[in-house]
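Predicted model only: the values in this text are computed from it and were never measured. Here is the naming used below: chain letters follow the sequence lines, and residue numbers restart at 1 for every chain.
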Amino acid sequence: VNDDELVLATPTDPEAFGMLYARHERAICGFHHRRTRDAELAADLTAETFATALLAAPRFRVREGTPAIAWLFGIARNVLLRSLERSRVEDRARRRLGMAPLELSDADLEALERVHADDAVARLLATLPPEQAAAVRARIVDDEPYAATAARLRVSEAVVRKRVSRGLERLRSEASP
Amino acid sequence: MSDLPQLQDALVAAARRRAQRGGPAAWLARRGGGPARGLVPAVAVVAALAIAVAMLLPRGAAEQEFSSAGPSLERLAALVPAFGRPAREGDRPRWPGAQRGEWRLLGRVEGRRGWLGLVPASAEDPESLCFVADWKPWAQEAVECRPAAGRLGGLKPLGVVTHEEGRRTTFAMAVVPPRSDFVVFVTAEGRPLRVRPTADGLVGRGAQGGLRDLQFKRPDGVLSAEPFAFREPGVPPGLVDGYAAWRREQSPADRLPANVPARARQTWRRIGGAPGVRQWMGWEDAFCVAARGSGATAVRCVAQDEGYGGVVTSANRMHVFALPDRVRTVDIVREDGSGDRYEVEENGAAVPARSGDRVARLLDANGGVLKCRDLRAGGVPSGRCR
């Protein structure tokens, strides 16, 4: 079942919307987290995004070139911008649906921060050539000794060091303005 | 696996409720009315057009999102200065009532980014204070402000605020004399939450499930069921008429030891200190501090040449130096000549010490060595400082 079908089925099949949520929660939450740098805020914006999508689902029409995920991200962006304009998190859809505000514990928030920090690392590493990405992840992210990485990748330790060095240099140059 | 399963459940439940109410046709019928309602179909057409336009906007925005990085954080920050950061001193919420009165940042509430403020209930009655809490500064949501004057022993500026949405998190706030010991908030389940007031005597606390009560302890350590008059510099005059009292039976262990000198009784505070040991500390005619263990053995605090610190002499094994607020680090020299460095706790400074220990140096937050005159300027009682 693709995303379009899930959105179309939502008005009569609540579980379809649950599936859509499960598929894209992390992406939507990541979208908001990247822009707010705040797990709690991102979670509330995510809730409002999906609540808005649920309300809008009966009006969703399949259009070529505009998949449901684009529709969902469009809603996310609008929710974010409206929240910024009003200086408070948009919550009209959530209220209209009678959904209680999210109650997140500090542990929940820490878990969210970890998830999206990992996503940020993954995005950074994706910009590197695969062999450099593997070496940087092993050494910097996983804190693996050079010798262990070399053995695992079946290359010399010097090669691993060179890959890490080049990978970091490349990330540094891309990060600088 | 979902990172926010509770949100998934809530959404599915909401979807189920909507499905039970009917599909799109029922929704349109509710929005536009039936065919027999004259002008209503025209309204429905206009509404449908508006919806169509609205639907186009997100779609266009989505394409834009995929083709660009979206709005920069800098631009967003320029739009809303307080967005995405904790509240800072000088910030002020944006709801209309918040333009009045004074706002003070109280720091984090229950581990969250939160700030609390106080506004006059009316311009004509500036002494009638109530509190407003903003537990998510970026959300800037108003909260109900319900002064509880007289409810707890006549303490006027005391309010229990509940979020306007009826969140289960409830805040309680109070203005207490700056040198009061601690405030106990009682959760709805009856669990005590102890909080130390900030230097300016404000304190706030929130708790899941709500708060049921506030309990206060007098600064001299005596727990009393009777409110008592109290005035202290720093508290707005006319606002604090008394303390609320403990509602429970006093515990002998909570009473100030009988052998504390009379002149020091008003400035003694109980601290947590060593594990399993109830300790008290205070200052006499200098800020030098004595401490006692659970055995209520008297201790003596002898001021040093530098005018700060002291040698704690007692049969008790563990003692505590209490230090002025400006002190952030303390170097202690042991009797055998060895030394230890301690980072001072934020709330006022307690470091473990043993009999015969001597304070060698006190450092401020910038690593500067504090002299006697520095401490005096910071409000340390004069006397032994020389």
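- In this view, B:Arg16 and A:Pro14, A:Glu15, B:Val12, B:Gln20 satisfy the side-chain contact (heavy atoms from CB on, under 4.5 Å) rule, not counting sequence neighbours.
- Nearest heavy atoms, B:Asp3 versus A:Leu112: CB-CD2, 3.8 Å.
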Begin with the C-alpha distance, continue with both residues' side-chain angles, and end with the deciding distance and a verdict on side chain to side chain contact (heavy atoms under 4.5 Å, CB included) for A:Thr10 and B:Arg18. CA-CA 10 Å; A:Thr10 290; B:Arg18 290 187 71 76; over 6 Å; no

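- Using a distance-only test at 3.5 Å, with no hydrogens or angles considered, a donor-acceptor pair links the side chain of B:Arg17 to the main chain of A:Leu97.
- If you measure heavy-atom distances from A:Tyr21 to chain B, the contacts under 4.5 Å come from the side chain alone.
- Across every non-hydrogen atom of A:Leu54 and B:Ala14, the tightest pair is CD2-CB, 3.8 Å.
- In plain terms, the two heavy atoms of A:Gly18 and B:Gln8 that are nearest each other are O-NE2, 3.2 Å.
- A:Glu25 places a side-chain N or O within donor-acceptor distance of the main-chain N or O of B:Leu4, the cut-off being under 3.5 Å.
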